[in-house]
Amino acid sequence: MIKTQIINDRGIHICKSMVAWQKFGNGETPQSSGMKGDHLIGKYYVAFDKAYKKEIEELVAGGMDKAEAEKSTKILAEAQEMLQKWEAEDKEVRELWKRMNGWVYDGFSSTYELMGIDFDALYYESDTYLVGKQVVLEGLEKGIFYQKEDGSVWCDLSEMKMDDKLLLRADGTSVYMTQDIGTALLRYKDYPNLSGLIYTVGNEQNHHFKVLFAILKKLGYAWADGCYHLSYGMVDLPSGKMKSREGTVVDADDLMQELIDKAKEATLERGHLDGMSEEEKQQLYKTIGLGGLKYFILKVDPKKRMLFNPAESIELTGNTAPFIQYTYARTQSILRSSENIDFKDVPTQIDIEPVEKEIIQLIGEFPTVIKEAGDNYSPALLANYAYELAKSYNSFYQSVSIFKEENEDKKRFRIALTYLTGEVLKNALKLLGIDVPERM
RNA sequence: GGGCCAGUAGCUCAGCUGGAUAGAGCACCUCCCUUCUAAGGAGGCGGUCAAAGGUUCGAAUCCUUUCUGGCUCACCA
């Protein structure tokens, strides 16, 4: 498994932030403002949209019709001009672009670090679009694509019952699709032995990927069949859809901090912190808070749209990561108090309770669940499995005593069961990118 | 208009390759810390599985139609 990310570092959206920053920024930097770089750029992206809308309003007030006004704003013209300069590799524009992109990357990397996310390779659209262009031109030469009179290059997809797709504009510049062709190709060049390529991208792009895969196939790449779009549903807020342009988004950094704080509060109230250093405590809050967040997202079928209420959605009880983490901590608490188990000594001929049987069955299903989760590209299956197991174990924990059991065989069996449950819970959560605390 | 996806309890979701009384969590109501971590457990309340037809011994699950919501069909990315 090679984890990659495509970085959207090129295009009109970047230019919009750049223009707004030049106009309203007064030289503000992440250092001078104390803001995270990506937040700073986001701020100017919103500022651009505001100024743009205001200008439209003024034009409409002056008697212009709305559609006309949207095309006539000065500020948008400035952004477009900047994009042209960028494409022409204007030195000044490229400098500013590099500088501002640098801020964004710094911001991203601190977020990724906290979240425990890392990538093996990064691809930048500013690089891959050139590769894509090259491939398209070669395809044109081979007669796979065709050219219209105005010089634009297209792919005929009528045999797949889709509309023809533009790949190069009349002026020779590339579009989104062109870049994605280049990106796919680069990835297979860098990693020739890939058995497949999974694109984890929102379902609004379903059509885009259908077209992309069709084009790759037409180009004759055998690996095109291994491409899969893992299409996930959008997250809605109670107030509606998130829009970065309008600034109506839940910021990941704020959200993570909020959950870590919540975890801290709950832990101070009812946790078992005796003997923990301050550093260990901080780590515990993170484990619980971030685990809760990840689980909350991963437990629902990726295909589905989900409603996210930042104020109420994330709980620490019920079907949550903290519940599972708590169960794990319980198993470890028991194991700390018992001597090591040699599994050869675990008795197999004893009467067991129905709950114990249930746990054994669930543990036995773990490999199947992993496979199914993989086959279906659905972490939710693992999440729900871990929850089921934790629930069964808690039921067992409550109804059956381990250390007070007088039958030595039964006692050893229960400790072994506890050990296995803990291992399975830990590994299931690990597969979801969620850590587990030894105590909480 | 064409295509894709979704609609299950007040809310958020499982279950959907057909199988027995449709499951969780949250919320609400009872109980349970002299037991190994109560972030827990036991129980109660709550559902004509959007609607209507059809296939089947059997349908939340498969088929058809309708309704509702979302996405998409860009020389935006």
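Naming convention: chains lettered A, B, ... in sequence-line order (proteins, then strands); numbering from 1 in each chain. Just so it is clear, the values below take in all heavy atoms, side chains as well, and ignore hydrogens, waters and symmetry mates.
- Among the nucleotides B:A74, B:A39, B:G41, the one closest to the side chain of A:H272 is B:A39.
- Using a 4.0 Å heavy-atom criterion, one finds that A:Y387 contacts the sugar-phosphate atoms exclusively.
- Residue A:T267 is in base contact, counting any heavy-atom pair closer than 4.0 Å across all strands shown.
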Between A:T331 and A:K426, is a side chain to side chain donor-acceptor pair (under 3.5 Å) present by the stated rule, with each step listed?
CA-CA 11 Å; A:T331 63; A:K426 178 169 72 180; over 6 Å; no
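- Nearest nucleotide to the side chain of A:K303, out of B:A6, B:U37, B:A74: B:A6.
- The pairing partner recorded for B:U30 is B:A42, the criterion being a Watson-Crick or G-U wobble arrangement whose two distances lie under 3.5 angstrom.
- Nucleotide B:C57 is matched to B:G19 when pairs are restricted to Watson-Crick or G-U wobble geometry with both distances under 3.5 angstrom.
- The side chain of A:R169 places an N or O atom within less than 4.0 Å of a non-bridging phosphate oxygen (OP1 or OP2) of B:C76.
- With both ends at atom P, the span from B:G19 to B:U34 equals 46 Å, rounded to whole Å.
- Of the candidate nucleotides B:U35, B:C75, B:G25, B:U35 has the atom nearest to the side chain of A:K404.
- Comparing the P positions of B:C45 and B:C5 gives a spacing of 38 Å, expressed to the nearest Å.
- Remark: A:Y326 is in phosphate contact with B:A39, judged by side-chain N or O atoms under 4.0 Å from OP1 or OP2.
- The residues A:D301 and A:K303 are annotated as salt-bridged, a charged nitrogen and a carboxylate oxygen being separated by less than 4.0 angstrom.
- Contact annotation for A:I288: base contact, defined as any heavy-atom pair under 4.0 Å involving a base atom.
- Ion pairing between A:E159 and A:K218 holds under the 4.0 Å rule for side-chain N and carboxylate O.
- Taking for each of A:H207 and A:F396 the nucleotide of RNA chain B with the nearest heavy atom, the 5'-most of the two is the partner of A:F396.
- Within a 6.0 Å radius of OH in A:Y385, other residues, nucleotides and ligands contribute more than 12 heavy atoms.
- The side chain of A:T317 places an N or O atom within less than 4.0 Å of a non-bridging phosphate oxygen (OP1 or OP2) of B:C26.
- When distances are taken from the side chain of A:I402 to each of B:C36, B:G25, B:G41, the shortest belongs to B:C36.
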Could you go step by step and tell me if A:K36 and A:D38 meet the salt bridge (Lys or Arg N to Asp or Glu O under 4.0 Å) rule?
CA-CA 6 Å; A:K36 258 181 100 230; A:D38 51 333; 3.2 Å; yes
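- To the nearest whole angstrom, the two C1' atoms, one in B:A50 and one in B:A9, are 15 Å apart.
- Across all strands shown, the partner of B:G1 is B:C73, judged by Watson-Crick or G-U wobble contacts whose two distances both fall under 3.5 Å.
- In this structure, of B:A77, B:U35, B:A6, it is B:A77 that holds the atom nearest to the side chain of A:H13.
- Checking B:A77, B:U35, B:C76 against every side-chain atom of A:I12, the shortest atom distance belongs to B:C76.
- Taking the P atoms as reference points, B:G40 lies 10 Å from B:A27, given to the whole Å.
- Rounded to whole Å, the separation between the P atoms of B:U56 and B:A51 comes to 23 Å.
- If you check distances only, the side chain of A:S395 never reaches the base of B:A42 with a donor-acceptor pair under 3.5 Å.
- Considering only heavy atoms from C-beta on, A:I363 comes within 4.5 Å of A:L417 through its side chain.
- The nucleotide B:U37 finds no pairing partner, because no Watson-Crick or G-U wobble arrangement with both distances shorter than 3.5 Å includes it.
- B:A60 and B:A38 have their C1' atoms separated by 36 Å, given to the nearest Å.
- As judged by a 4.0 angstrom heavy-atom cut-off over every strand, A:E438 is placed among the base-contacting residues.
- Looking at A:Y199 and A:D180, their side chains never bring a donor and an acceptor atom within 3.5 Å of each other.
- B:C33: glycosidic angle within 90° of 0, hence syn.
- When heavy atoms are screened at a 4.0 angstrom cut-off, A:V400 is found touching base atoms of the nucleic acid.
- In this pair, A:F48 and A:Y52 present their aromatic rings parallel. The plane angle is below 30°, not in the 30 to 60° band.
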Pairs: protein N or O with nucleotides 12-17 of chain B N or O, under 3.5 Å:
residue: B:C13; atom: OP1; partner: A:L307; partner atom: N; Å: 2.8
residue: B:A14; atom: OP1; partner: A:D301; partner atom: N; Å: 2.7
residue: B:A14; atom: OP2; partner: A:K304; partner atom: NZ; Å: 2.7

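- The one candidate from A:T200, A:N206, A:N203 that meets the side-chain hydrogen bond (donor to acceptor under 3.5 Å, both in side chains) condition with A:S231 is A:N206.
- Pair check for B:U68 finds B:A6; Watson-Crick or G-U wobble, both atom distances under 3.5 Å.
- Residue A:F323 is in sugar-phosphate contact alone, with no base atom involved, counting any heavy-atom pair closer than 4.0 Å across all strands shown.
- Taking only side-chain atoms of A:R330, from C-beta outward, the nucleotide of B:C73, B:U72, B:A38 with the closest atom is B:A38.
- In terms of position along RNA chain B, the nucleotide closest to A:N206 lies nearer the 5' end than the nucleotide closest to the other residue of the pair A:N206 and A:P322.
- Within the nucleic acid shown, A:K391 comes within 4.0 Å of sugar-phosphate atoms alone, with no base atom in reach, counting heavy atoms only.
- Between B:A22 and B:G47, the two C1' atoms lie 8 Å apart (nearest whole Å).
- Side-chain atoms of A:E388 and A:N384 form no donor-acceptor pair, as typed in the model, at a separation below 3.5 Å.
- A:Q179 comes within 4.0 angstrom of the backbone, heavy atoms only, and of no base.
- B:A52 sits 27 Å from B:C13 when the C1' atoms are compared, rounded to a whole Å.
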